[in-house]
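Protein chains get the first letters and strands the later ones, always in sequence-line order, with residue 1 at the start of each.
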Number of protein chains: 2
Amino acid sequence: MSVDRDQVLRSAAAQLTRKGSSTLDEVAKASGISRATLHRHFAGRDALVRALEDLGLKECELALDAARLGEGSAQDALRRLIKEIEPAAGLLAFLVTENQLFEGDDRHEGWSRIDDRMAELFRRGQESGEFRIDLSTAWLTDALYGLVGAAAWAVLDGRVAAKDFSYMIAELLIGGAQRRVES
Amino acid sequence: MSVDRDQVLRSAAAQLTRKGSSTLDEVAKASGISRATLHRHFAGRDALVRALEDLGLKECELALDAARLGEGSAQDALRRLIKEIEPAAGLLAFLVTENQLFEGDDRHEGWSRIDDRMAELFRRGQESGEFRIDLSTAWLTDALYGLVGAAAWAVLDGRVAAKDFSYMIAELLIGGAQRRVES
DNA sequence: TGCGCATGAGACGAATTTGTCTCACGTGGT
DNA sequence: ACCACGTGAGACAAATTCGTCTCATGCGCA
């Protein structure tokens with residue numbers, strides 16, 4: 001009977017990813033609930049977006065924890081991270097397009113912490129000699145976000161099979177498109 | 001006296017990239033014109049977005065032409081493409097987030113043609129042995145869009161120097177993050 | 001059966017945005 | 001000097017969306 005808050009948020013993210021200017025009524029219908037109920041759980045559009053941000057933030061933190069970025073090679077850690085972050089890809093695809101969250105320098109500090117943890121992984125890989133040093137850790141972090149968003153969108157649109165999600169991202173990010181004659 | 005239509009569109013794209021829900025009044029002010037004038041040139045919000053799409057489409061076609069994708073190695077052609085597409089990056093960064101354009105299967109056929117040309121480049125690279133075949137051409141195309149958008153945003157936000165734009169994208173897309181002991 | 005509770009549906013005014021209009025101003029060309 | 005034209009500023013109603021409210025329904029539970 002009671003509404004599943006997380007499920008509503010996921011449906012809302014999917015709807016808002018498809019159409020960023022969706023009406024609250026459209027969001028509610030996409031979540032299978034009425035506008036009144038949506039409004040009972042989230043005070044307004046801002047509150048809804050904030051909740052989406054918090055959920056995405058939480059899932060990213062969990063993915064970062066589960067990936068154990070400090071263990072093993074940086075490459076393997078990155079592969080684990082991409083695999084762990086897959087459930088949050090839909091949410092991230094929306095959040096990265098929601099530049100409104102970054103307006104006014106009051107960006108949620110949580111993202112800085114996540115960025116730092118990712119950049120730290122790339123830095124570790126660079127220091128160990130696994131990753132090239134001519135690509136900045138900031139760019140690699142942004143590129144990871146961009147590829148996750150692109151992959152999520154490609155999957156939603158049927159151009160990439162869902163099962164290939166993490167493979168496609170990890171291989172491109174780590175190895176690039178270039179064919180290497182000797183592995 | 002007369003308004004520079006393309007300049008207005010670029011300013012509008014920048015404003016809408018920053019805040020997708022910008023008012024027409026905000027868009028107009030960002031372009032340095034009044035709402036009345038904006039409305040004289042573009043019938044409404046839809047018409048404005050359509051014009052932005054057409055401009056982005058045109059610039060992509062021009063970039064594809066200028067890159068001469070059929071000449072030389074696929075790698076070099078891809079590097080040329082990325083360099084040529086840089087001026088349109090801001091526009092693309094907005095358009096890729098404007099999923100509204102893809103609603104209802106009435107997507108502008110022009111994008112299909114562009115996608116095809118890009119996919120053809122990757123296919124050529126795969127057939128020549130330059131690119132790996134385990135990453136589909138559709139994914140490589142989407143990844144290119146995603147990286148261009150991510151890079152445009154990173155530059156706008158000051159995390160990546162504008163002069164590194166094409167290098168960062170090309171190197172990551174072609175060579176990946178992995179360090180290769182022998183070049 | 002009867003109660004509690006969350007929800008769905010809809011109405012209502014307020015706020016915002018939009019589309020259209022008018023009018024005055026400034027510039028460029030005749 | 002005069003006119004044509006594009007523009008800025010603002011007013012105005014229409015349309016849309018939002019926030020809040022009320023009421024009825026359905027389900028679980030005692």
Side-chain angles (χ1 to χ4, degrees), chain A residues 1-56 91 93-95 97-104 106 108, chain B residues 1-56 91 93-95 97-104 106 108:
Chain A
M1 198 167 189
S2 219
V3 167
D4 181 344
R5 179 188 165 96
D6 274 19
Q7 186 52 44
V8 169
L9 284 176
R10 282 175 208 292
S11 303
Q15 173 64 26
L16 288 171
T17 299
R18 277 202 327 140
K19 181 163 167 242
S21 59
S22 292
T23 300
L24 291 186
D25 196 70
E26 293 174 301
V27 173
K29 281 187 171 55
S31 304
I33 62 177
S34 70
R35 189 166 72 96
T37 301
L38 179 65
H39 212 276
R40 284 186 189 102
H41 287 268
F42 308 99
R45 193 189 195 78
D46 288 348
L48 176 62
V49 174
R50 290 278 187 84
L52 285 168
E53 186 180 25
D54 289 341
L55 180 59
L91 224 43
F94 163 69
L95 292 174
T97 67
E98 193 68 3
N99 301 339
Q100 194 129 9
L101 298 173
F102 302 85
E103 291 273 300
D106 58 345
H108 200 304
Chain B
M1 199 165 189
S2 219
V3 167
D4 181 343
R5 179 189 165 96
D6 274 19
Q7 185 53 43
V8 169
L9 285 176
R10 282 176 208 291
S11 303
Q15 173 64 26
L16 288 171
T17 299
R18 278 202 328 140
K19 181 161 167 246
S21 59
S22 293
T23 300
L24 290 187
D25 196 70
E26 294 175 299
V27 173
K29 280 188 172 53
S31 304
I33 62 177
S34 71
R35 190 167 71 94
T37 300
L38 178 65
H39 213 276
R40 284 188 190 102
H41 286 268
F42 308 100
R45 192 189 196 78
D46 289 348
L48 177 61
V49 174
R50 290 278 186 83
L52 285 168
E53 186 181 25
D54 288 341
L55 179 59
L91 223 44
F94 163 70
L95 292 174
T97 68
E98 193 68 6
N99 302 336
Q100 193 132 8
L101 298 173
F102 302 86
E103 290 273 301
D106 59 346
H108 199 304

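Protein atom CZ of A:R5 is 17 Å distant from nucleotide atom C1' of C:dT7, rounded to whole Å. In this structure, CG of A:D46 is placed 17 Å from P of D:dT17, rounded to the nearest angstrom. As rounded to whole Å, 12 Å separates atom P of C:dT20 from atom CG of B:L24. For the pair A:K29 NZ and C:dT7 C1', the computed distance is 14 Å after rounding to whole Å. The CZ atom of B:R40 sits 11 Å away from the P atom of C:dC21 (whole-angstrom rounding). Per the geometry, CG belonging to A:D4 stands 15 Å off C1' belonging to C:dA6, to the nearest Å.
Here the side chain of A:H39 is nearest to one of D:dT20, C:dA9, D:dG10, namely D:dT20. The A:T37 side chain lies nearest to C:dT7 when the options are D:dC18, D:dT20, C:dT7. Relative to the side chain of A:A36, the nucleotides C:dT18, D:dA9, C:dG8 differ in distance, and C:dG8 lies closest. Looking at the side chain of B:V3, the nearest of the listed nucleotides C:dG19, D:dT7, C:dA9 is D:dT7. Residue A:I33 has its side chain nearest to C:dG8 when only C:dG8, D:dC18, C:dG19 are considered.
The side-chain heavy atoms of B:V49 and B:F42, taken from C-beta on, include no pair separated by under 4.5 Å. Side-chain contact check for A:S34 versus A:T37: some heavy-atom pair is nearer than 4.5 Å. Counting heavy atoms from C-beta on, the side chains of B:L52 and B:L16 come closer than 4.5 Å.
A salt bridge links B:D25 to B:K29: one of the charged nitrogens lies within less than 4.0 Å of a carboxylate oxygen.
The side chain of B:H41 contributes an N or O atom lying less than 4.0 Å from OP1 or OP2 of D:dT7. Neither OP1 nor OP2 of D:dC18 sits under 4.0 Å from any side-chain N or O of A:R35. A sub-4.0 Å separation between OP1 or OP2 of C:dT17 and a side-chain N or O of B:T23 is present.
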message: side-chain contact (heavy atoms from CB on, under 4.5 Å) for A:H108 and A:D54? Distances and angles first, verdict last.
response: CA-CA 9 Å; A:H108 200 304; A:D54 289 341; 3.7 Å; yes
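Summary of the strand contacts: B:L38 and A:S22 both lie near DNA chain D, and taking for each the nucleotide with the nearest heavy atom, the more 5' one is attributed to B:L38.
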